[in-house]
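Heavy atoms only: backbone and side chains are in, while hydrogens, waters and symmetry mates are out.
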Amino acid sequence: MTTAAPVPAIEHHVLLVLLLQLALLLLLAVSLGQLAARFKMPAIVGELLAGVLVGPSVLSHLLPGLAGWLLPERPAQMHLLDAIGQLGVLLLVGVTGMELDFGLARRRGATAVRVSLAGLLLPLGLGVATGLLLPASLLPEGTDPTVFALFLGVALCVSAIPVIAKTLLDMNLLHREVGQLTLASGVIDDVIGWFLLSVVSAMATAGLTAGRLTASLLYPVAAVVFALLVGRPAVRLALRAANRSPEPGPTVAVAALAVLLGAAGTHALGLEAVFGAFVSGVLISTSGELDPRKLAPLRTTVLAFLAPLYFATAGLRMDLTALARPEVLGAACAVLAVAVLGKFAGAYAGARLSRMTGWEALALGAGMNSRGVIEVIVAMTGLRLGILGPETYTVVVLVAIATSLMAPPVLRVAMARVEEGADTGQPLGGSLAPPAKV
């Protein structure tokens, strides 16, 4: 009986290049992220810029030899970097799900639902229409125009809870009614957005036949039902056992294991792995057994190490030189205009239907307009699936950056015209409880 030959170890040169890639990207991402934060910009702007500097936009033009050595075109080398980035984004999405406050959404009631749905459906529809009108030359070869349009609509309708929360915190607006409503509406947007992303991604993978379309719609529902009936009790029992230890290690291990298993489950169904990671994070947050203090080490590791690396690798895929082409620049301007108009108009309309003032509605639109982290993840998903090409990927990421930069100044202008006591105390529209402490 012969034994199988051992799997060869990773090559010396391949490991050397990987370590230098990680070190350089992490150094630039953390440094530029801190610099962006110092100038009151979201850290993700600096983290993406790290990848832009090392990628085809800058380094490939200035030092092509070094760029070719550091970022070789060999798929095996880049797959190692991608694998680490995928681990980072799965844990980042899981942590995001763990920190969602569904109690806040329930307390904010019908107003949050109106603002969220109006702020989601309008940019979704406008995004789909824009995707159908963009030049076919911008679509990757073999991409179904309908799938591309649906994907663009999803990309433009999402909001970024992490960026929104950080902006509101920096501006001392979390205790205000507008801040509470923005977060509550963002929670609803997040849930629907991840569901839509999973559906459209499944369509892209399986095609648009009637049977596959039905499966693309039913699989996410089945995954959620399974998570609620089987996953939630399992997570609750595992966390309860982990909580017996005074150390955070067991809780961190259970949370990470739940996220990875959830991601593997949805990926096995042909859905996006990030959808399973998000659902698992939500199960953890709603388990009733979560001690947030014990999750602090996981959160710190993800936000300080893995997430900056992921966004730096996302920046590597951007090619700003493509904007020199008139059709790409025109598409970027059109998509940005549609994204901003759709989100502002939708959130504004939902707020006005809830009898909020014009300035409060404008502030809500500004907060919901921030796409940041979530849209970058959506764009990377589209690039990986072949729905987006380098040009359209660059356009979508630029929209994420631009909308995140727009939120603070517009919020300042709007909130300066909302009296401190005007949006606190009495529930808006008669359906809201007093603001909760976040």
Side-chain angles (χ1 to χ4, degrees), residues 18-34 36-37 41-57 70-71 77-99 155 158 160-163 166 190 193-194 197 201 255-256 259-260 262-264 267 272-278 280-281 297-319 370-385 388 390 393-394 396-401 404:
L18 175 64
L19 294 175
L20 291 176
Q21 287 174 335
L22 293 174
L24 179 60
L25 289 175
L26 184 61
L27 173 63
L28 289 176
V30 173
S31 300
L32 295 175
Q34 292 292 321
M41 294 187 292
I44 187 178
V45 175
E47 293 163 357
L48 287 167
L49 182 58
V52 171
L53 292 176
V54 178
S57 299
L70 186 63
L71 298 170
Q77 180 74 65
M78 295 305 295
H79 286 170
L80 291 173
L81 189 60
D82 285 338
I84 296 173
Q86 282 299 309
L87 175 64
V89 73
L90 292 176
L91 290 175
L92 175 62
V93 171
V95 168
T96 300
M98 295 174 207
E99 296 187 345
V158 298
I161 283 288
V163 177
K166 181 65 165 59
D190 255 13
W194 288 121
L197 173 63
S201 298
V259 169
L260 294 178
H267 190 68
E272 269 307 298
V274 289
F275 179 63
F278 177 76
S280 296
L298 176 63
R299 189 177 188 277
T300 299
T301 301
V302 171
L303 297 184
F305 172 54
L306 292 173
L309 273 177
Y310 172 75
F311 292 119
T313 60
L316 285 176
R317 269 72 178 180
M318 294 181 67
D319 187 1
S370 178
R371 270 80 167 187
V373 174
I374 307 304
E375 189 161 32
V376 173
I377 296 173
V378 172
M380 280 287 279
T381 301
L383 186 66
R384 182 175 55 79
L385 293 174
L388 301 180
Y393 169 78
T394 299
V396 173
V397 174
L398 285 175
V399 170
I401 295 173
S404 296

Chi angles and distances behind the side chain to side chain contact (heavy atoms under 4.5 Å, CB included) call for V399, E375: CA-CA 8 Å; V399 170; E375 189 161 32; 3.6 Å; yes
List the steps and the verdict of side chain to side chain contact (heavy atoms under 4.5 Å, CB included) for M98 and V259.
-> CA-CA 10 Å; M98 295 174 207; V259 169; 3.7 Å; yes
Applying side chain to side chain contact (heavy atoms under 4.5 Å, CB included), run through W194 and V158 and close with a yes or a no.
CA-CA 9 Å; W194 288 121; V158 298; over 6 Å; no
Notebook entry, point to check: After noting the C-alpha distance and the side-chain angles of Q21 and L70, does the key distance pass the side chain to side chain contact (heavy atoms under 4.5 Å, CB included) rule?
Noted result: CA-CA 7 Å; Q21 287 174 335; L70 186 63; 4.1 Å; yes
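Contact of the V52 side chain with the L316 side chain is not registered, since no non-hydrogen atoms from C-beta on lie closer than 4.5 Å. Within the 4.5 Å cutoff, side-chain heavy atoms of V54 are placed close to those of L24. V30 places none of its side-chain heavy atoms less than 4.5 Å from the side chain of F305. Looking only at side-chain heavy atoms (C-beta outward), E47 and Q34 stay at 4.5 Å or farther from each other.
Rounding to the nearest 0.5 Å gives a distance of 9.5 Å between CD1 of I377 and CG of L197. We find the CG-CG distance between L20 and L71 to be 11.0 Å, quoted to the nearest 0.5 Å.
L87 meets the side chain to side chain contact (heavy atoms under 4.5 Å, CB included) test with L91, L260; sequence neighbours excluded. Residues that satisfy the side chain to side chain contact (heavy atoms under 4.5 Å, CB included) test with L53, not counting sequence neighbours, are L32, L49, V58. Partners of F275 according to the ring-ring contact (aromatic ring centres under 6.0 Å, His included) rule, which considers only residues two or more places apart in sequence or in another chain, do not exist here. Applying the side chain to side chain contact (heavy atoms under 4.5 Å, CB included) rule to A273 yields the partners L90, A263, H267; only residues at least two apart in sequence or on another chain are considered. Legend: residues meeting salt bridge (charged side-chain N to carboxylate O under 4.0 Å, His left out) with E272, ordered by chain and number and at least two apart, are R384. Annotation: side chain to side chain contact (heavy atoms under 4.5 Å, CB included) contacts of V45 (sequence neighbours excluded): P42, I401, L405.
Contact detail for G88 and V302: the closest heavy-atom pair is O-CG1, 4.4 Å. Taking both residues in full, the closest heavy atoms of L298 and A255 are given as CD2-CB, 4.1 Å, listed atom of the first, atom of the second, then distance. In terms of heavy atoms, S370 sits closest to S404 at OG-OG, 3.5 Å.
Each salt bridge (Lys or Arg N to Asp or Glu O under 4.0 Å) pair with one or both residues in residues 300-319, not counting sequence neighbours, appears once here: D82-R317. The salt bridge (Lys or Arg N to Asp or Glu O under 4.0 Å) contacts involving residues 298-307 comprise E99-R299, where partners must be two or more places apart or lie in separate chains.
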Below 3.5 Å, can you tabulate the donor-acceptor pairs from side chains in residues 306-315 to any protein atom, sequence neighbours excluded?
from	atom 1	to	atom 2	distance (Å)
T313	OG1	L309	O	3.4
T313	OG1	Y310	O	2.5

